[in-house]
Amino acid sequence: MTMEVVEKNLLLKRFLMVGYGLSEADVEAFVKIVRSGTGKDVDSIAAELGISKSRASLILKKLSDAGLVEKQKSSGSKGGRPKYVYYVNRGEVIEKMKQRASELCTDLSSIISAL
């Protein structure tokens, strides 16, 4: 029996929230970056999620600290503060997430066994 796409997306969102301590907004930003293919900057994340740029910056920093996104200086930056694009290295992130899922399952199995 195959899981519906909606159920898979919900399960993935729950895993990200539990496994990485992310909020719903953090997960939504991550999903937008993954789906973009080319990455997103602070301005586009803020606009797409309807949040302030400072909140978007905090979310992107949290995703970066968790190892889920990487940032790269935008080639279009001219003077002033550099602009960064946040992107997902799919292969690397998939492996990290699989490792994290395995660790969580092992921990949960130990907890259940101790009941």
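Hydrophobic clustering of Ile, Leu, Val, Met, Phe, Trp and Tyr side chains at less than 4.5 Å, counting indirect connections, keeps Ile33 apart from Leu58. Connection of Val93 to Val85 is not established within any shared hydrophobic cluster, with ILVMFWY side chains joined at heavy-atom distances below 4.5 Å, either directly or through further cluster members. Hydrophobic clustering, with ILVMFWY side chains joined whenever heavy atoms are under 4.5 angstrom apart, keeps Phe15 apart from Leu10. Cluster annotation: Tyr87 is not connected to Ile45 through the hydrophobic network of ILVMFWY side chains, with a link wherever side-chain heavy atoms come within less than 4.5 Å. One hydrophobic cluster, built from ILVMFWY side chains closer than 4.5 Å, cannot hold both Ile94 and Leu68; they sit in different ones.
Val69 and Phe30 get closest at one heavy-atom pair: CG1-CD1, 4.1 Å. A pairwise comparison of heavy atoms in Leu49 and Ala25 identifies CD1-O, 3.9 Å as the closest pair.
In this structure, the side chains of Glu4 and Glu7 come closer than 4.5 Å at one or more pairs of heavy atoms.
Applying the salt bridge (charged side-chain N to carboxylate O under 4.0 Å, His left out) criterion to Asp107, with sequence neighbours excluded, gives no partner residue. Applying the side chain to side chain donor-acceptor pair (under 3.5 Å) test to Ser110 and every residue at least two apart in sequence or in another chain returns nothing. Residues meeting the side chain to side chain donor-acceptor pair (under 3.5 Å) test with Ser64, sequence neighbours left out: none.
Ser36 and Thr38 are not linked by any side-chain donor-acceptor pair at a separation below 3.5 angstrom, with hydrogens and angles left out of the test. No side-chain donor from either of Gln99 and Glu95 sits under 3.5 Å from a side-chain acceptor of the other.
Lys96 and Glu92 are joined by a salt bridge, as a carboxylate oxygen and a charged side-chain nitrogen come within less than 4.0 angstrom of each other. Salt bridge Lys40/Glu48: present, at least one basic N to carboxylate O contact under 4.0 Å.
No side-chain donor-acceptor contact under 3.5 Å links Lys71 to the backbone of Leu60. With Ser57 contributing its side chain and Lys53 its backbone, the two residues share a donor-acceptor pair below 3.5 Å. No side-chain donor-acceptor contact under 3.5 Å links Arg90 to the backbone of Gly37.
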> What's the verdict on side-chain hydrogen bond (donor to acceptor under 3.5 Å, both in side chains) for Glu70 and Tyr86, showing C-alpha distance, side-chain angles and the deciding distance?
Replying inline: CA-CA 6 Å; Glu70 296 179 27; Tyr86 294 80; over 6 Å; no
> For Val42 and Lys83, what are the C-alpha separation, side-chain angles and deciding distance, and is it a side-chain contact (heavy atoms from CB on, under 4.5 Å)?
Replying inline: CA-CA 8 Å; Val42 172; Lys83 202 168 202 174; over 6 Å; no
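With rounding to the nearest 0.5 Å, the separation of CZ in Arg100 from SG in Cys105 is 10.5 Å. Rounding to the nearest 0.5 Å gives a distance of 12.5 Å between CG of Leu22 and NZ of Lys13. Considering OG of Ser23 and CD of Glu28, their distance stands at 9.5 Å, rounded to 0.5 Å. The distance from atom CZ of Arg14 to atom CE of Met17, rounded to the nearest 0.5 Å, is 9.5 Å. Atom OH of residue Tyr20 and atom CG of residue Leu104 lie 8.5 Å apart, to the nearest 0.5 angstrom. Interatomic distance, Leu16 CG to Asp26 CG, rounded to the nearest 0.5 Å: 10.0 Å.
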